[in-house]
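This report concerns only the one structure given below.
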Amino acid sequence: QVQLVESGGGLVQAGGSLRLSCAASGRTFSFYGMGWFRQAPGKEREFVAAINWNGRNTYYADSVKGRFSISRNNAKNTVYLQMNSLKPEDTAVYYCAAKTGSIYYTATGDYTYWGQGTQVAVSS
């Protein structure tokens with residue numbers, strides 16, 4: 001089992017920045033690829049970004065490429081999502097998730113463990 005707890009969400013104006021954190025406990029964090037997903041009201045959960053077990057490979061949804069950056073610190077069992085140039089359409093609950101296997105498979109079903117989510121709201 002891996003337990004995931006997100007933090008860092010909040011309300012920010014368009015153009016602003018937020019940094020989300022996801023703290024992991026349980027089984028060895030460095031075994032897992034990590035991803036961030038988001039879900040806006042009335043919409044399906046969608047992939048945002050992923051990072052492989054050692055941090056050397058990352059992958060982003062087109063909608064956030066160039067604005068968001070995913071990173072991890074295996075010594076701290078934490079993965080981060082730096083979000084810059086935020087837009088109102090980035091408003092959603094953001095979830096972190098853990099998986100084995102390739103980070104290029106981005107369906108929610110490819111991920112085994114999920115956090116409870118943190119709310120991000122971007123005002124115009």
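- Taking CD1 of I70 as the start and OH of Y60 as the end, the distance is 6.5 Å to the nearest 0.5 Å.
- The minimum heavy-atom distance linking A24 with L4 is given by the pair CB-CD2, 3.6 Å.
- Between N54 and N74, the shortest heavy-atom distance links the atoms CA-ND2, 4.4 Å.
- Cluster partners of Y105 are absent, since no Ile, Leu, Val, Met, Phe, Trp or Tyr has side-chain heavy atoms less than 4.5 Å from it.
- The pair K65-D62 counts as a salt bridge, with a side-chain nitrogen and a carboxylate oxygen less than 4.0 angstrom apart.
- In this structure, A14 and P88 approach most closely via the heavy-atom pair CB-CD, 4.1 Å.
- The structure places CZ of F29 at 6.5 Å from OG1 of T78, a figure rounded to the nearest 0.5 Å.
- Within the hydrophobic cluster formed by Ile, Leu, Val, Met, Phe, Trp and Tyr side chains joined at under 4.5 Å, directly or through other members, Y95 is accompanied by F37, F47, Y59, V93, I103, Y104, Y111, W114.
- Within the 4.5 Å cutoff, no side-chain heavy atoms of S21 are placed close to those of K76.
- Between the N52 side chain and the N57 main chain, a donor and an acceptor come within less than 3.5 Å of each other.
- A distance-only check finds a donor-acceptor pair linking the side chain of T91 to the backbone of V122 [under 3.5 Å].
- Linking ILVMFWY side-chain heavy atoms closer than 4.5 Å, directly or via other members, places F31 and V2 in a single hydrophobic cluster.
- A donor-acceptor pair under 3.5 Å is absent between the side-chain atoms of N73 and the main chain of Y80, judged by distance alone.
- Scanning all heavy atoms of the two residues, the minimum distance from W53 to S30 falls at CB-O, 3.2 Å.
- Looking at F68 and D90, their side chains come closer than 4.5 Å, going by heavy atoms from C-beta outward.
- From R38, atom CZ reaches atom CZ of R45 across 13.0 Å, with rounding to the nearest 0.5 Å.
- Contacts classified as disulfide (SG to SG under 2.5 Å) and involving residues 69-105 (residues at least two apart or in different chains) are given here: C22-C96.
- Residues Y113 and L20 share a single hydrophobic cluster, defined by chaining ILVMFWY side chains whose heavy atoms lie under 4.5 Å apart.
- Note that CD of Q13 and CG of L86 are 11.5 Å apart. Values are rounded to the nearest 0.5 Å.
- For the residue pair G8 and T118, the shortest heavy atom distance occurs at N-OG1, 4.3 Å.
- Contact record, Q1 with Q3: CB-NE2, 3.4 Å, taken as the closest heavy-atom pair.
- Note: M34 CE to S71 OG = 11.5 Å, rounded to the nearest 0.5 Å.
- With rounding to the nearest 0.5 Å, the separation of CG in N77 from CZ in R72 is 9.0 Å.
- Side-chain atoms of E6 come within 3.5 Å of backbone atoms of Q116 as a donor-acceptor pair (strictly under, hydrogens ignored).
- Residues V48 and M83 are not in side-chain contact: their nearest non-hydrogen atoms beyond the backbone lie 4.5 Å or more apart.
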